[in-house]
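Take a look at the structure below.
Chain letters run A, B, ... following the sequence lines, proteins first, then strands; residues in each count from 1.
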There are 2 protein chains.
Amino acid sequence: MPRVMPDDPLNELPGYALRRAANAMMAELTARLVPLDLRISDASVLMLIAERTDMTSSDIGKVLDIQRANMVPLLNRLEAAGLIARKPIDRKSQAVVLTPEGRERLADTRAIVTCFEDDLMARIPDEHRPHFLPALRALVGQPVDP
Amino acid sequence: MPRVMPDDPLNELPGYALRRAANAMMAELTARLVPLDLRISDASVLMLIAERTDMTSSDIGKVLDIQRANMVPLLNRLEAAGLIARKPIDRKSQAVVLTPEGRERLADTRAIVTCFEDDLMARIPDEHRPHFLPALRALVGQPVDP
DNA sequence: CCCATATTGCTATTGACAATAGCAAATTCA
DNA sequence: TGAATTTGCTATTGTCAATAGCAATATGGG
């Protein structure tokens, strides 16, 4: 007879539930982006620079919370895939812009992401749904003090 | 004159906000656990096996969504720190149990985690707060379909 | 009881990703 | 002009999860 599995005593903790939900969400979105050969970070960059032609690597990193050093392999990969190009702003800075192919891939990305977000919200019961994004925003807006 | 920073167009996406909130939360809890020399996974294990003396490494992994292979270094670390012990169940399986020192550390852990969770919830406006955990549970309960 | 199957705990390796330190060139501002 | 800052990059490190594989043991159907 198999030993019984206990209820997870951590399930009452919002922080724990937040982690679990985020992990599940990331895994799912990662899987949905596989057909486009994009990672979540890649898709984030494409969507971020969609309407702009003047964002530098540093700018993107600041918005997405990615350090400059870690932007390098990310952008190199997108450039190698032909999705972005580097356009000189001055002799030091370069803007990161979408190529025509990048623009096409962005359209596919938006379709997948929109569908994904809709599916995500659909799983939340009606009475809780409108409170979800505001609650999350409250958490990221003012980080918990140390 | 500095170029202006755009609003993050990803901020409207619940999935993105979920990731950001989880990252911020994890970073904060990680920092608060530093004085105890524990990582989040360590603390999770301690809290999970607190009331049990019959959970194997595999059991813990199933509950916490950690693969067996990745449980090994985690438990080795906790054992080296004197917080857990392995108690043979049969010639194949071993239960993971708290040592007296592990029990003390657990008490400190619970204090920190409780305080942290309270702080976390306190940042969510009253009208959204009661909806937060139910919404997260709905997401983890039924993962989004591929 | 016996044998196929499953489980347990582990090793070893890989990849994604973040964090750190450091550097040369260019820009900015006092 | 000169000091401080910014940009983009290299190189390295550490954390963490995922995979494949393995030996020992346990389990359940026939």
Side-chain angles (χ1 to χ4, degrees), chain A residues 1-3 5 19-20 22-31 33-34 37-45 49 54-81 84-97, chain B residues 1-5 19-20 22-31 33-34 37-45 49 54-80 84-97:
Chain A
M1 203 188 81
R3 279 163 300 112
M5 204 67 112
R19 177 156 81 125
R20 296 293 290 260
N23 283 347
M25 180 275 297
M26 300 263 294
E28 178 52 37
L29 182 53
T30 297
L33 287 175
V34 164
D37 197 27
L38 292 179
R39 302 176 193 169
I40 293 182
S41 309
D42 301 336
S44 304
V45 169
I49 65 175
D54 61 346
M55 294 203 77
T56 67
S57 169
S58 294
D59 291 338
I60 298 171
K62 277 171 197 146
V63 174
L64 297 183
D65 260 340
I66 301 175
Q67 303 199 9
R68 269 177 305 144
N70 296 328
M71 287 298 301
V72 180
L74 202 172
L75 293 183
N76 283 347
R77 194 154 26 88
L78 289 175
E79 189 174 38
I84 63 164
R86 288 165 155 106
K87 190 187 67 172
I89 290 182
D90 54 36
R91 269 184 299 176
K92 183 172 64 165
S93 305
Q94 322 165 35
V96 179
V97 297
Chain B
M1 203 189 79
R3 277 166 299 112
V4 292
M5 204 68 110
R19 177 155 81 124
R20 296 293 290 259
N23 283 347
M25 180 274 297
M26 300 263 294
E28 178 51 36
L29 182 53
T30 297
L33 287 175
V34 164
D37 198 27
L38 292 178
R39 302 176 192 169
I40 293 182
S41 307
D42 300 337
S44 304
V45 169
I49 65 176
D54 61 345
M55 294 202 78
T56 67
S57 169
S58 294
D59 291 338
I60 297 171
K62 277 171 196 145
V63 174
L64 297 183
D65 260 340
I66 301 175
Q67 303 200 8
R68 269 177 304 145
N70 296 328
M71 288 298 301
V72 179
L74 201 172
L75 293 184
N76 283 347
R77 193 154 27 86
L78 289 175
E79 189 174 39
I84 63 163
R86 288 165 155 109
K87 189 187 68 172
I89 290 181
D90 54 37
R91 269 183 298 176
K92 184 173 63 167
S93 305
Q94 322 165 34
V96 179
V97 297

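The distance from atom CG of B:L29 to atom P of D:dT15 is 17 Å, rounded to the nearest whole Å. Here the C1' atom of nucleotide C:dG9 and the CE atom of B:M55 are 16 Å apart, to the nearest Å. The nearest whole Å value for the distance from the CG atom in B:N23 to the P atom in D:dC16 is 13 Å. Spacing between atom CD1 of B:I66 and atom P of D:dA18 amounts to 10 Å, rounded to whole angstrom units. Distance A:Q94 CD to D:dT6 C1': 13 Å, rounded to the nearest Å. Summarising the geometry, the separation between CZ on B:R86 and P on C:dG9 is reported as 9 Å, rounded to the nearest angstrom. The nearest whole Å value for the distance from the CD1 atom in B:I84 to the C1' atom in C:dG9 is 13 Å. One interatomic measurement links the two molecules: CE of B:M26 to P of D:dT15, which rounds to 14 Å at whole-angstrom precision.
Other residues, nucleotides and ligands contribute over 12 non-hydrogen atoms within 6.0 Å of the CG atom of A:N76. Atom CG of B:D37 has 12 or fewer heavy atoms from other residues, nucleotides or ligands within 6.0 Å.
With D:dT7, D:dA26, C:dC17 as the choices, the nucleotide that has an atom nearest any side-chain atom of A:R39 turns out to be C:dC17. Side chain of A:Q67, nearest nucleotide from C:dG9, C:dT20, D:dG8: C:dT20. The side chain of A:S41 lies closest to C:dC17 when the candidates are C:dC17, C:dT8, C:dA26. Of the candidate nucleotides D:dA24, D:dG8, C:dC10, D:dG8 has the atom nearest to the side chain of A:T56.
When all heavy atoms are compared, the tightest approach of A:D54 to A:I89 is O-CD1, 4.1 Å. Scanning all heavy atoms of the two residues, the minimum distance from B:M71 to B:S57 falls at CB-OG, 3.4 Å.
Exactly one of A:L38, A:I60, A:I40 qualifies for a side chain to side chain contact (heavy atoms under 4.5 Å, CB included) with A:V45. That residue is A:I60.
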Inset, instruction - Start with the C-alpha gap between B:R20 and A:D65, add the side-chain angles, then the distance that decides, and say whether salt bridge (Lys or Arg N to Asp or Glu O under 4.0 Å) holds. - result: CA-CA 9 Å; B:R20 296 293 290 259; A:D65 260 340; 3.1 Å; yes

Inset, instruction - Under the side chain to side chain contact (heavy atoms under 4.5 Å, CB included) rule, what do A:R39 and A:L33 come out as? Steps first, then yes or no, please. - result: CA-CA 6 Å; A:R39 302 176 193 169; A:L33 287 175; over 6 Å; no

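One finds a side-chain N or O of A:R91 lying less than 4.0 angstrom from the OP1 or OP2 phosphate oxygen of C:dT27. Contact between the side-chain N/O atoms of A:K92 and the OP1/OP2 oxygens of D:dC9 is not found at any separation under 4.0 Å. The side chain of A:K62 places no N or O atom within less than 4.0 Å of a non-bridging phosphate oxygen (OP1 or OP2) of D:dT6. In terms of phosphate contacts, B:S58 brings a side-chain nitrogen or oxygen within less than 4.0 Å of OP1 or OP2 of C:dG9.
Within residues 68-78 of chain A, the residues approaching DNA chain D are A:R68, A:A69, A:V72, by heavy-atom distance under 4.0 Å.
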